[in-house]
Amino acid sequence: MGLNYYQIKKNILRARKLVIKGTNAAGSGHPGGSFSMAEILGCLFNKHLKFDAKNPQWEDRDRLVLSKGHAAPGLFSNMAVAGYFPESEIETLRKFGSKLQGHPDLKCPGVEFCGGSLGTGLSYSVGIALAAKIDSKDHHVYTIIGDGESDEGQVWEAAMTASKYKVDNLTAFLDRNFIQQDSYTEKIMPLDEKLEGDDITEMWKDASRWKTGDKWRSFGWNVLEIDGHRVEQIDAAITKANATKGVPTIIISRTIKGKSLEHMEDNPQWHGKAPDSDIVPIINSELDSQFLIAPSIIAGDMSNLENEVKRCVTGRSDLIHLDVMDGQFVPTKTFDHNKIKELRPLTVLPFDTHLMINEPVKYVQNYIDAGSDIVTVHAEVTNESSFGEIHDLLKQHQVGVGFAINPDTELPEWSYKFLSTLDQLIVMSVVPGKSGQKYIEETHAKMTRLNSTLNEHNFSGCIEADGGVNIDNIGSVFADGARAFVGGGAIVGQQDVRSAIKDFRNAVLKSRRRMLLDKANQLGGSELVNKWIGLHVIGAKQEEIKKIAQESGYL
Ligand code: DX5
Ligand code: ZN
């Protein structure tokens, strides 16, 4: 058990799509809170939770308690992806006679707790965790509570009890999305520092104001604070929690209600409301268009790569792209697995190792051992047999499998059979060897050709654009189909990595908004375009999207 980074992300996406499908079919339900905890449940189901979907009552299973029971579509979707029941069953959500009701119910095998009356899940969890201890069982209890339900006194009674009885086989997650049924938590019953001013959505971006952890600490809990949408942070926090003995742990996860869909994000309206059918296809395109920024550290100071990694971390990159060059496959030499091993303790960010070396099959194990999360090897130095070996080895170690092609290389026919299980395809847009080169324009046309081959062979991985990507071309590279973007000169080569990454994200966002408007126009003309724009009510989004629609001639 335990999937690689891209596979976990893929399953999270699948689950999100099922939430949309289910709530749309039901005409009601809670997508907002299902999406804020999507990564938390994704990490649990795909990596940490011990369960047997075919034998839901297996005695030694871990217990997952969804105290914020209204987010049931999120739980059911993960259960469907995990194989408890067919994914199509999600369409029976909230229907009379279905086992998938608006709140989790024990009539759905695998559900541990009837969450409905909020505030009670933690008490129940303390009970079953204590029972496990008394029975000398070593299973773990994971509980998801909401910040809205933290208004209930019972939550704090449970907190005291857990700490008194040293219930260390219990890990709670606080899905801290700052929104409860009718409004922002801080307006209804503040958990953090009192907010002055009106711009409440800005508040939770300022970490210095997060005080909820202090409350839990004062109740005797081990407190970990993370970004609840970062798979690698959740993963590391669960591992830490499981290693902490003598006290219960709470992982305070800063999340965004409705995360992944711009019109739902931070919007209290989407606490409990279903998306309309005409909007669903646009939503699905948006879900399919999540993207990653991967700075390449070789564009920085090669004599202090530690510092370059730190700059990427504070810059909030998604991956760290590690360009390994051997002086043979490419004329330059950079570093090898030994350096990666040295860098590994600096961050939990996924290491995206790009091997520009001869005979990668001989060395790939070193890069697994060094702590790579994704390893990419080149088509020019592999064949069906050696790549097969690399592919299997990486899969076996839960490391993402990447394949790269140079500007002059077409996807070799022998590679087609691997496409459906490939995690990443790097399409080089410069001749590899150094950073700071100019993007080769022909790559756009190549991407069009590639997309049809990839579709034909059921590629469901991520296309990573590598070489000469910058703020001016990233929008069109996204439109070509790339979903991960390497940035050497344009990110690490800049003084302010954080703002360079921010600019990259904004440029992709703009291109994505344009793509979604195109889709709305295609499907329903100006009426649907207007409806789509009208959904974006939070912040300045609406005006920005309107402007793009005008530029595209839709308004
Ligand atoms: C090319 C490397 C790239 C490159 C990226 O040989 O694989 O990762 O360094 O740097 P820029 O973005 O500057 O082209
Ligand atoms: Zn690279």
Side-chain angles (χ1 to χ4, degrees), residues 291-302 305 308-309 311-312 315 317-337 339-340 343 349-358 360 364 367 372-382 400-409 423-444 461-478 480 482-497 500-501 503-505 507-508:
F291 59 91
L292 302 167
I293 307 294
S296 163
I297 56 171
I298 62 160
D301 177 0
M302 285 293 286
L305 290 174
E308 299 305 339
V309 169
R311 291 173 75 221
C312 297
S317 72
D318 298 302
L319 307 171
I320 296 197
H321 188 77
L322 299 166
D323 286 308
V324 175
M325 303 185 189
D326 65 353
Q328 291 170 14
F329 177 69
V330 287
T332 345
K333 234 182 174 167
T334 51
F335 50 80
D336 65 12
H337 57 96
K339 189 76 212 172
I340 297 179
L343 299 174
L349 277 177
F351 276 1
D352 172 25
T353 301
H354 179 189
L355 295 185
M356 284 159 280
I357 62 173
N358 276 342
V364 69
Y367 290 91
S372 305
D373 296 279
I374 305 146
V375 174
T376 299
V377 298
H378 267 260
E380 299 79 15
V381 283
T382 45
V401 186
F403 192 55
I405 48 175
N406 277 347
D408 288 336
T409 307
D423 295 302
Q424 167 164 285
L425 177 69
I426 294 188
V427 181
M428 293 302 306
S429 35
V430 299
V431 176
K434 56 177 192 271
S435 81
Q437 307 181 69
K438 202 178 155 324
Y439 182 90
I440 298 171
E441 290 301 320
E442 209 278 321
T443 319
H444 293 302
C462 179
I463 298 179
E464 184 173 68
D466 188 0
V469 177
N470 61 34
I471 196 74
D472 300 318
N473 60 26
I474 193 169
S476 54
V477 176
F478 168 83
D480 290 340
R483 295 293 175 264
F485 305 91
V486 175
I491 296 182
V492 176
Q494 303 299 306
Q495 198 139 52
D496 187 345
V497 168
I501 290 179
D503 291 345
F504 260 47
R505 287 197 207 283
V508 175

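Note that ligands are numbered from 1 as they come in the structure, with each ligand's atoms numbered from 1 the same way.
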*Check ligand 1 against Met356 and write out every atom of the ligand that is under 4.0 Å from a heavy-atom position of the residue.*
6 (O), 7 (O)
*At a 4.0 Å threshold, what atoms of ligand 1 neighbour a non-hydrogen atom of Met428?*
1 (C), 7 (O)
*Which atoms of ligand 1 are found less than 4.0 Å from any heavy atom of Met325?*
6 (O)
*N or O contact, Asp323 vs ligand 1, cut-off under 3.5 Å*: yes
*Is any N or O atom of Ala490, backbone or side chain, closer than 3.5 Å to an N or O atom of ligand 1?*
no
*Which atoms of ligand 1 are found less than 4.0 Å from any heavy atom of Lys434?*
1 (C), 6 (O)
*If you have a sec, work out which protein heavy atom is nearest atom 5 (C) of ligand 1 and how many Å separate them, to one decimal?*
Asp466 OD1, 3.6 Å
*With atoms numbered from 1 as shown, which atoms in ligand 1 lie under 4.0 angstrom from a non-hydrogen atom of Gly467?*
14 (O)
*Check: Val324 and Phe329 side chains under 4.5 Å, non-hydrogen atoms*: no
*So, does Thr332 use its side chain to make a donor-acceptor pair with the main chain of Gly433 at under 3.5 Å?*
yes
*Please identify which atoms of ligand 1 are closer than 4.0 Å to at least one heavy atom of Ile298.*
9 (O)
*Give the numbers and elements of all ligand 1 atoms closer than 4.0 Å to a heavy atom of Val486.*
8 (O)
*For atom 10 (O) of ligand 1, find the nearest protein heavy atom and state the residue, atom name and distance (0.1 Å precision).*
Ser435 CB, 3.1 Å
_NZ/Lys339: more than 12 non-hydrogen atoms of other groups inside 6.0 Å_ = yes
*Determine, stepwise, if the pair His354 / Asp352 fulfils side chain to side chain donor-acceptor pair (under 3.5 Å).*
CA-CA 6 Å; His354 179 189; Asp352 172 25; over 6 Å; no
_Residue of the set Ile501, Val486, Val469, Asp503 for which side chain to side chain contact (heavy atoms under 4.5 Å, CB included) holds with Ile491_ = Ile501
*For Gln494 and Gly489, indicate whether the former's side chain and the latter's backbone hold a donor-acceptor pair under 3.5 Å.*
yes
*Should the ring pair Phe291 and Phe485 be called parallel, tilted or perpendicular, given that the plane angle runs from 0 to 90° and is split at 30 and 60?*
perpendicular
_Residue, atom name and distance, where the atom is the protein heavy atom closest to atom 14 (O) of ligand 1_ = Gly468 N, 2.8 Å
*Can you find a non-hydrogen atom of Ala299 under 4.0 Å from ligand 1?*
no
*Is a side-chain donor or acceptor of Asp318 paired with a backbone partner of Ile293 at a separation under 3.5 angstrom?*
yes
_Restricting to N, O or S, what is the name of the atom of Asp323 that lies nearest the Zn ion (ligand 2)?_
OD1
_Atom name, His354 (N, O or S, nearest to the Zn ion (ligand 2))_ = ND1
*Is the backbone N or O of Val431 less than 3.5 Å from a side-chain atom of Gln437, with the two atoms forming a donor-acceptor pair by type?*
yes
*For the Zn ion (ligand 2), find the closest N/O/S atom belonging to Asp466 and write down its atom name.*
OD2
_Among His444, Glu442, Lys438, the one residue meeting side chain to side chain contact (heavy atoms under 4.5 Å, CB included) with Ile440_ = Glu442
_Of Asp301, Val492, Ile297, the residue whose pairing with Arg311 passes side chain to side chain contact (heavy atoms under 4.5 Å, CB included)_ = Val492
*Residues in side chain to side chain donor-acceptor pair (under 3.5 Å) with Ser372, at least two apart?*
Thr353
*asked:* Please list the nearest protein heavy atom to atom 12 (O) of ligand 1 with its residue and the distance rounded to 0.1 Å.
replied: Gly488 N, 2.8 Å
*Would Gly433 count as a contact of ligand 1 if the rule is a heavy atom under 4.0 Å away?*
yes
_Atoms of ligand 1, numbered as shown, that sit under 4.0 Å from any heavy atom of Gly436_ = 11 (P), 13 (O), 14 (O)
